[in-house]
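Along the sequence shown, residues carry numbers from 1.
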Amino acid sequence: MEEQAEKISVKLKTIVAASLNNIIGVNGKIPWHCSEDLKRFKSLTKGSIVVMGRRTWESIGSVGLPGRANIVISSRYSGDIKGCPPTYSSIGEFLARYNQLSPGSTVWFIGGEKIYDESVPISKEIYLTRVEAHIKEEGHTARWNFTTDYFDRGFQKEILKHTASANYGKDKVSVRFIKHTR
């Protein structure tokens with residue numbers, strides 16, 4: 001798939017918010033609230049193509065994110081289904097078949113776990129919001145296997161000066177914005 005991504009002259013980027021213990025969601029929801037991160041997400045992805053897994057699609061209410069072309073990756077769905085944007089069985093199939101990829105397009109991979117596992121190796125930029133908390137695991141916990149192994153392949157790390165805070169339960173926790181560029 002990396003070769004396939006190189007042939008397409010689009011910008012492939014991944015955006016993820018994860019806790020210190022690499023939790024990205026609990027029971028289909030983001031377990032913290034950070035308005036700065038939501039504004040940043042919207043600003044970065046607006047006017048682009050966003051690619052997400054089926055569970056992420058369902059977690060946002062099965063409605064598309066406005067101002068973006070929404071794509072779902074799922075081995076469960078094939079083709080279009082009512083109320084769902086174009087659906088592909090894999091990122092590779094999406095890159096090979098999506099007819100609106102034109103030179104200069106930006107594709108954002110926005111989650112969940114499997115999407116991140118496939119997108120990080122082909123993305124040129126990774127935008128990580130690090131939530132400085134250890135999130136309690138309960139019910140269905142989504143985790144991104146965030147390890148330095150992903151970034152040992154020529155990424156440069158930039159910790160952005162802008163920081164924020166998030167609400168997690170009754171606590172306020174710090175948030176750092178990090179950008180990895182290949």
| NZ/NE/NH1/NH2 to OD/OE distance under 4.0 Å, Glu125 and Arg182 |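 Answer for the salt bridge query: no.
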
| Ionic contact status for Glu118 with Lys114, cut-off 4.0 Å |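 Looking at Lys114 and Glu118, the cut-off is not met.
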
Atom [atom1] of [X] and atom [atom2] of [Y]: how far apart are they, to the nearest 0.5 Å?
| X | Y | atom1 | atom2 | result |
| --- | --- | --- | --- | --- |
| His134 | Leu20 | NE2 | CG | 4.5 Å |
| Ile23 | Ile30 | CD1 | CD1 | 13.0 Å |
| Phe177 | Glu158 | CZ | CD | 13.0 Å |
| Thr141 | Asn27 | OG1 | CG | 6.5 Å |

Do [X] and [Y] touch side chain to side chain, with heavy atoms closer than 4.5 Å?
| X | Y | answer |
| --- | --- | --- |
| Arg176 | Ile159 | yes |
| Ile122 | Phe109 | yes |
| Phe41 | Ile110 | yes |
| Lys179 | Thr181 | yes |
| Thr106 | Val10 | no |
| Val107 | Lys13 | no |
| Tyr88 | Ser74 | no |
| Val26 | Glu137 | no |

| Side-chain H-bond candidate by donor/acceptor type, Ser89 with Ser75, under 3.5 Å |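 There is no such pair between these side chains.
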
| Modelled atom types, side-chain donor and acceptor of Ser105 and Ser102, under 3.5 Å |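 Indeed, the side chains of Ser105 and Ser102 share at least one donor-acceptor pair under 3.5 Å.
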
What is the minimum heavy-atom distance between [X] and [Y], and which atoms define it?
| X | Y | answer |
| --- | --- | --- |
| Tyr168 | Ala133 | CD2-CB, 4.4 Å |
| Tyr116 | Ile15 | OH-O, 2.8 Å |
| Val72 | Gly53 | CG1-C, 4.2 Å |
| Ala166 | Cys34 | CB-CB, 3.7 Å |

| Would Ser174 and Ser165 count as a side-chain hydrogen bond (donor to acceptor under 3.5 Å, both in side chains) if you check the C-alpha gap in whole Å, the side-chain angles of each, and the deciding distance to 0.1 Å? | CA-CA 4 Å; Ser174 294; Ser165 64; over 6 Å; no

| Under the criterion side chain to side chain contact (heavy atoms under 4.5 Å, CB included), which of Ile71, Ile115, Asn70, Ile73 is the partner of Met52? |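 The passing option is Asn70.
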
| task | Show your working on side-chain contact (heavy atoms from CB on, under 4.5 Å) between Thr45 and Leu65 and close with a plain yes or no. | result | CA-CA 10 Å; Thr45 63; Leu65 296 173; 5.7 Å; no

More than 12 heavy atoms of other groups within 6.0 Å of [X] [atom1]:
| X | atom1 | answer |
| --- | --- | --- |
| Leu128 | CG | yes |
| Lys46 | NZ | yes |
| Gln156 | CD | no |

| query | Got a sec, which residues hit ring-ring contact (aromatic ring centres under 6.0 Å, His included) with Tyr98, two or more places apart in sequence or on another chain? | reply |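 ring-ring contact (aromatic ring centres under 6.0 Å, His included) list for Tyr98, sorted by chain: Phe94.
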
| Quick one: ring-ring contact (aromatic ring centres under 6.0 Å, His included) partners of Trp108, sequence neighbours excluded? |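 With sequence neighbours excluded, Trp108 shows a ring-ring contact (aromatic ring centres under 6.0 Å, His included) to Tyr127, given in chain and number order.
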
| task | Determine, stepwise, if the pair Lys172 / Asn167 fulfils side-chain contact (heavy atoms from CB on, under 4.5 Å). | result | CA-CA 5 Å; Lys172 283 244 186 245; Asn167 295 320; 2.9 Å; yes

| said: Glu36 vs Arg40, test: salt bridge (Lys or Arg N to Asp or Glu O under 4.0 Å). Steps then yes/no. | reply: CA-CA 6 Å; Glu36 287 288 323; Arg40 181 173 177 259; over 6 Å; no

Using modelled atom types and a 3.5 Å cut-off, is there a donor and acceptor pairing between side-chain atoms of [X] and backbone atoms of [Y]?
| X | Y | answer |
| --- | --- | --- |
| Ser62 | Ile60 | no |
| Arg130 | Ser19 | yes |
| Ser123 | Ile126 | no |

| message | Under the criterion side-chain hydrogen bond (donor to acceptor under 3.5 Å, both in side chains), I'd like the reasoning laid out for Arg68 against Ser48: C-alpha separation, chi angles, the key distance, then a yes or no. | response | CA-CA 5 Å; Arg68 303 156 190 89; Ser48 301; over 6 Å; no

| request: Could you please spell out the steps behind the side-chain contact (heavy atoms from CB on, under 4.5 Å) verdict for Ile178 and His180? | output: CA-CA 7 Å; Ile178 302 166; His180 296 271; 3.6 Å; yes

| side-chain contact (heavy atoms from CB on, under 4.5 Å) assessment of Asn22 paired with Ile135 | CA-CA 8 Å; Asn22 299 320; Ile135 304 299; over 6 Å; no

